[in-house]
Amino acid sequence: ELEAVITPEDATNQTVSWSVADDGGTDAVIDGVSFSATRPGDVTVTVTIEGGTLPDIQYRKDLTVTVLPVPVTDIELALTEIDSGEAVTLDAEVLPENATAKDIVWTLIDAGTTGAALDGNSLMTGAGGRVVLKASIEGGQASGEAFEKIFEITVNQSVVLVTDIQLAQAEMLQGETLELSANVLP
């Protein structure tokens, strides 16, 4: 809400009107005394007092309102474990919901023994172990610095199920001894 402090305090006319002179790319809107903007930046607001200097002469002044970005407070990733050989999409939630910066850049910090690879927000693994990832949002903090958070994902070694067993040698001559040996598939 916009509020004017008028000097002198005992000025005869203290009724003001507000308007946006330059929204500075913020999409600023004034409705009465309510001011809103959808993007950060500097907005030039004009305040006008009818009959402010003389009965028929306006008093006008341009003021600057700075619209600050909404900083990121957290990144939430529900994914804590996957099976080896699985490819997953890293689908994280940026908090608060109205944070100005929301674009997450993922970095593979440590693949350990998993043979993990990262392509954008797709994580692929080959073996069991632990993967360490970093999520970064440029300009996510109030200071303008990147907001960063580290995530650990456990990669469970997948069990390979037996599909068939075959004898390595299925024939022998009568009276001989056969060493039994099997081929397990896959």
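Numbers here simply count residues along the sequence, with the first being 1.
Heavy atoms from other residues, nucleotides or ligands lying under 6.0 Å from CG of D164 number more than 12. Residue N98 places its CG atom among more than 12 non-hydrogen atoms of other residues, nucleotides or ligands, all under 6.0 Å distant. Heavy-atom contacts from other residues, nucleotides or ligands closer than 6.0 Å to CG of D62 number more than 12. The local environment of CD in Q58 is crowded, with over 12 non-hydrogen atoms from other residues, nucleotides or ligands closer than 6.0 Å.
Distance alone, capped at 3.5 Å, is enough to place a donor-acceptor pair between the T163 side chain and the L185 backbone. Q141 contributes a side-chain N or O that, together with a main-chain N or O of A146, makes up a donor-acceptor pair within less than 3.5 Å. Of the possible donor and acceptor atoms, one in the side chain of Q169 sits under 3.5 Å from a partner among the backbone N and O of E171.
From L180, atom CG reaches atom CE of M172 across 9.0 Å, with rounding to the nearest 0.5 Å. Rounding to the nearest 0.5 Å places CG of L167 at 8.0 Å from OG of S181. If you take OG1 on T48 and OH on Y59, they are separated by 10.5 Å, rounding to the nearest 0.5 Å. Interatomic distance, CD of E50 versus OG of S17, reported as 6.0 Å (0.5 Å rounding). Note that CZ of R60 and OG of S19 are 6.0 Å apart. Values are rounded to the nearest 0.5 Å. The OG1 atom of T100 sits 11.0 Å away from atom CD1 of I137, with the distance rounded to the nearest 0.5 Å.
Under the 4.5 Å side-chain criterion, counting only non-hydrogen atoms from C-beta, V16 is not in contact with L2. Taking 4.5 Å as the limit, some side-chain heavy atom of V29 sits within range of a side-chain heavy atom of S36. Looking at heavy atoms from C-beta onward, T44 lies out of side-chain contact with L63 at the 4.5 angstrom threshold. For the pair E3 and V33, the minimum side-chain heavy-atom distance is 4.5 Å or more. When side chains are defined from C-beta on, L79 does not count as touching F151, because their heavy atoms never get closer than 4.5 Å. Side-chain contact check for V155 versus D83: every heavy-atom pair is 4.5 Å or farther apart.
Nearest heavy atoms, V94 versus A99: CG1-CB, 4.1 Å. A pairwise comparison of heavy atoms in S84 and G126 identifies CB-O, 3.7 Å as the closest pair. Across all non-hydrogen atoms, the minimal contact from P69 to P40 is N-CB, 3.7 Å. Here the closest non-hydrogen pair linking I30 and F35 is CG1-CD1, 3.7 Å. E9 approaches Q14 most closely through the heavy-atom pair O-NE2, 2.6 Å.
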Begin from the C-alpha positions of I153 and T80 and carry the test side chain to side chain contact (heavy atoms under 4.5 Å, CB included) through to its verdict. CA-CA 5 Å; I153 297 174; T80 58; over 6 Å; no
Set out, in order, the CA-CA distance, both residues' side-chain angles and the distance that settles side-chain hydrogen bond (donor to acceptor under 3.5 Å, both in side chains) for T66 and D42, then state yes or no. CA-CA 5 Å; T66 299; D42 289 332; 2.9 Å; yes
Quick one, W18 with T46, criterion side chain to side chain contact (heavy atoms under 4.5 Å, CB included). Give me CA distance, side-chain angles, the key distance, then yes/no. CA-CA 6 Å; W18 301 92; T46 302; over 6 Å; no
I150/V132 under side chain to side chain contact (heavy atoms under 4.5 Å, CB included): CA gap, chis, key distance, verdict: CA-CA 7 Å; I150 302 295; V132 180; 3.6 Å; yes
Please report the C-alpha distance between I82 and N156 in whole Å, then the side-chain angles of each, then the deciding distance to 0.1 Å, and finally whether the side chain to side chain contact (heavy atoms under 4.5 Å, CB included) criterion is met. CA-CA 6 Å; I82 61 173; N156 300 316; over 6 Å; no
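Checking D74, V72, L133 one by one against K149, the side chain to side chain contact (heavy atoms under 4.5 Å, CB included) holds for a single residue, D74. Partner R39 forms a side-chain hydrogen bond (donor to acceptor under 3.5 Å, both in side chains) with one of D27, T26, D23 and no other, that one being D27.
One hydrophobic cluster, built from ILVMFWY side chains closer than 4.5 Å, cannot hold both V65 and V70; they sit in different ones.
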Show every donor-acceptor pair shorter than 3.5 Å between a side-chain atom in residues 101-118 and any protein atom, with sequence neighbours excluded, or say none if there are none.
unit_1, atom_1, unit_2, atom_2, d
K102, NZ, E97, O, 2.2
D110, OD1, G112, N, 2.8
T113, OG1, G128, O, 2.9
T114, OG1, A111, O, 2.6
T114, OG1, A116, N, 3.1

